[in-house]
Amino acid sequence: MTRATWDTRLGFVLAAVGSAVGLGNIWRFPWLTATNGGSAFLLLYVVVILLVGVPGLLGEMVIGRRSRRNPVGAFDELGGRRFRALGGLALVASVVVLSFYTVVGGWILRYTVASATGAYFEAPQAYFAAVDFGPAAAGFHALFLLATVAVVSAGVDRGIEVATTVMVPGIVLLCGGLAVWVATLPGSAGGYEFYLSLDVAYLRANFFDVLVAAAGQALFTLSVGAGAMLTYASYIDEDRSLVADGTLIAVLNTGIGVLAGLVVFPLLYSLGVPPGSGGPGALFVGLAGAFADLPASRLVGVVFFGVVLLAALSSAISIFEVLVAYLADEHGFDRPRAVVAVGGLFLVTGSAAALSPSLFTLLADTMANLLLTVTLLGFLLFCGSVLGRAAIAEYERGAGRVARLASRPWYYAVTVVVPLFLAFTLTTGIEGLLGVPVSTAQAAALAVAVVSGTTLATRYRADTA
Ligand code: PFF
């Protein structure tokens with residue numbers, strides 16, 4: 001069976017942007033910015049995206065394009081059987097992320113429909129409390145999953161590429177339209193102030209915490225650590241600049257996140273709703289409830305939740321595809337059979353998360369970030385110590401002159417700097433999971449172990465090459 005490929009370069013970029021732009025941008029990112037120092041945070045975030053996110057993303061893409069396989073097959077192909085477990089970790093991460101993501105996707109689907117009838121306008125709080133978990137939530141989750149299945153089953157170029165080529169421009173246009181429209185509403189000005197005011201003092205006082213939050217967000221939003229970008233890059237069949245593509249993906253992703261904030265906060269301010277403290281309640285209760293007071297309330301609700309739905313769906317298909325690629329490459333499943341098997345799996349895991357708030361919270365709040373970080377750490381250490389020069393060669397394949405100049409700095413970034421940084425952020429994730437503080441000494445020990453291990457491995461490789 002010949003392996004699928006993207007039809008066009010733009011198709012790949014839009015599919016990857018579709019994966020990156022999701023719930024993380026439209027909801028989490030604006031809130032993180034507003035509550036962490038406004039434009040001062042934005043500046044720090046851009047630095048984290050450029051120094052940690054983009055090199056990490058390139059690391060995943062290098063592994064995918066070089067191997068042309070799914071995560072498990074990729075590590076086998078490039079490093080040997082003993083590295084298959086690293087790909088297995090990515091599969092686990094993708095199951096964890098998609099199992100809660102489809103539940104939220106179900107909520108959004110429900111709110112898109114409910115906006116048309118105004119069902120939640122009267123009592124937004126009670127409405128959300130009635131629909132968030134339970135059999136109906138499991139039902140809407142299943143519908144969202146069905147939409148994901150429909151796209152993925154049509155294939156990489158005919159399904160994912162075609163769908164995201166329509167969806168991503170749709171997100172930008174609708175979101176841009178909403179941003180312009182809310183600017184005309186009376187009282188919206190305070191929203192911009194709340195969102196982007198420069199609070200350097202806050203950032204200075206909480207630098208480390210904010211940095212860790214920014215790092216977690218950078219990984220989640222760029223879809224790295226679950227093998228989605230690895231899998232998408234494995235369908236590239238041309239020599240083109242991964243650096244150019246990766247940077248473009250990161251820039252578009254950040255831009256759409258900023259745009260979403262330019263809709264949310266001015267809207268809340270113009271309606272006199274206090275921004276509160278973020279989280280699902282703020283999206284489904286604060287903001288949704290506010291729609292009721294607008295002139296074209298139902299239309300605004302449908303458009304707003306429609307945008308979020310497109311964003312969530314284009315991300316969900318990328319995670320789903322990871323497992324489909326695995327079954328196809330490693331176990332010889334044809335696409336229809338693989339899609340049914342993966343769909344069946346998520347029907348079970350997602351329904352469990354839709355019925356159990358505690359499972360949902362465990363997956364969404366603790367396990368997802370932790371797994372994405374651990375997996376990416378493994379990917380990058382593999383790039384540095386096992387791939388070595390081959391990683392640099394793959395990075396340089398198709399790259400322009402400027403991008404080539406950055407190949408060594410990139411290599412050292414993914415071999416030492418980014419792993420060190422990830423090891424530090426990991427300690428906060430472990431704290432969250434165990435509920436006990438991890439001391440600075442432990443964090444430092446972990447970091448030293450990572451750096452010395454990588455440096456040694458890299459040196460060994462250079463010596464024996
Ligand atoms: N990037 C997506 C978002 O910001 O919502 C989430 C995501 C998609 C995470 C794909 C991981 C992944 F592999």
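What's counted below: heavy atoms across the whole structure, side chains too, no hydrogens, waters or symmetry copies. Since the structure is predicted, the reported quantities are computational estimates derived from the model, not experimental observations. Both ligands and their constituent atoms are indexed starting at 1 by order of listing.
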Trainee: Are R65 and E238 within salt-bridge range, i.e. N to O under 4.0 Å?
Mentor: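 No salt bridge links R65 with E238.
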
Trainee: Give a yes or no on whether a salt bridge exists between D329 and R3, defined as a side-chain N under 4.0 angstrom from a carboxylate O.
Mentor: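 Salt bridge: yes.
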
Trainee: When you check the gap from the basic side-chain N to the acidic O, do R68 and E77 get nearer than 4.0 Å?
Mentor: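 Salt bridge flag = no for E77 with R68.
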
Trainee: Minimum distance, heavy atoms only, to atom 2 (C) of ligand 1: which one of S19, A16, G227 is it?
Mentor: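 Considering heavy atoms of S19, A16, G227, the nearest to atom 2 (C) of ligand 1 sits in S19.
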
Trainee: Under 3.5 Å, N or O to N or O, is A20 touching ligand 1 that way?
Mentor: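 N/O-N/O distance under 3.5 Å: yes.
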
Trainee: Which residue supplies the protein heavy atom nearest to atom 1 (N) of ligand 1, what is that atom called, and how far is it?
Mentor: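 Checking every protein heavy atom, the shortest distance to atom 1 (N) of ligand 1 gives F220 O, 2.8 Å.
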
Trainee: Please confirm whether F265 and W31 have ring centers closer than 6.0 angstrom.
Mentor: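 So the answer is yes for these two rings.
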
Trainee: Give yes or no for whether the N/O distance cutoff of 3.5 Å, strictly under, is met between V97 and ligand 1.
Mentor: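 N/O-N/O distance below 3.5 Å does not exist for this pair.
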
Trainee: Centroid separation under 6.0 Å, is that true for the rings of Y411 and Y395?
Mentor: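 Centroid separation for Y395 and Y411: 6.0 Å or greater.
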
Trainee: If we set the cut-off at 4.0 Å for heavy atoms, which region of S318 has an atom near ligand 1: side chain, backbone, both, or neither?
Mentor: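 The side chain, only.
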
Trainee: Considering only heavy atoms of A226, which atoms of ligand 1 have at least one such atom less than 4.0 Å away?
Mentor: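 Answer, ordered by atom number: 13 (F).
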
Trainee: Check whether any N or O atom of V224, backbone or side chain, sits under 3.5 Å from an N or O atom of ligand 1, and answer yes or no.
Mentor: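 By distance alone, the answer is no.
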
Trainee: For residues F140 and W107, establish whether the separation of their ring centroids is below 6.0 Å.
Mentor: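 Between W107 and F140, which both carry aromatic rings, the centre distance is not below 6.0 Å.
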
Trainee: Check this for me: R9, atom CZ, are more than 12 non-hydrogen atoms of other residues, nucleotides or ligands nearer than 6.0 Å?
Mentor: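 Enclosed: over 12 neighbouring heavy atoms sit under 6.0 Å from CZ of R9.
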
Trainee: Find all atoms of ligand 1 within a distance of less than 4.0 Å from any non-hydrogen atom belonging to A228, and give their numbers and elements.
Mentor: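 Listed by number with element, the hits are 13 (F).
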
Trainee: Other residues, nucleotides and ligands only: do more than 12 of their heavy atoms fall within 6.0 Å of CD on Q125?
Mentor: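 Open.
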
Trainee: Quick test of your reading of the structure: of G225, S223, A316, A368, whose heavy atom lies closest to atom 10 (C) of ligand 1?
Mentor: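 It is S223 whose heavy atom sits nearest to atom 10 (C) of ligand 1.
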
Trainee: So, is L23 polar-close to ligand 1, with some N/O to N/O distance under 3.5 Å?
Mentor: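 Yes.
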
Trainee: Can you tell me if Y101 has a non-hydrogen atom under 4.0 Å from ligand 1?
Mentor: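 True for this residue.
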
Trainee: Show the atoms of ligand 1 that are less than 4.0 angstrom away from any heavy atom in N25.
Mentor: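 Counting from 1, the qualifying ligand atoms are 4 (O).
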
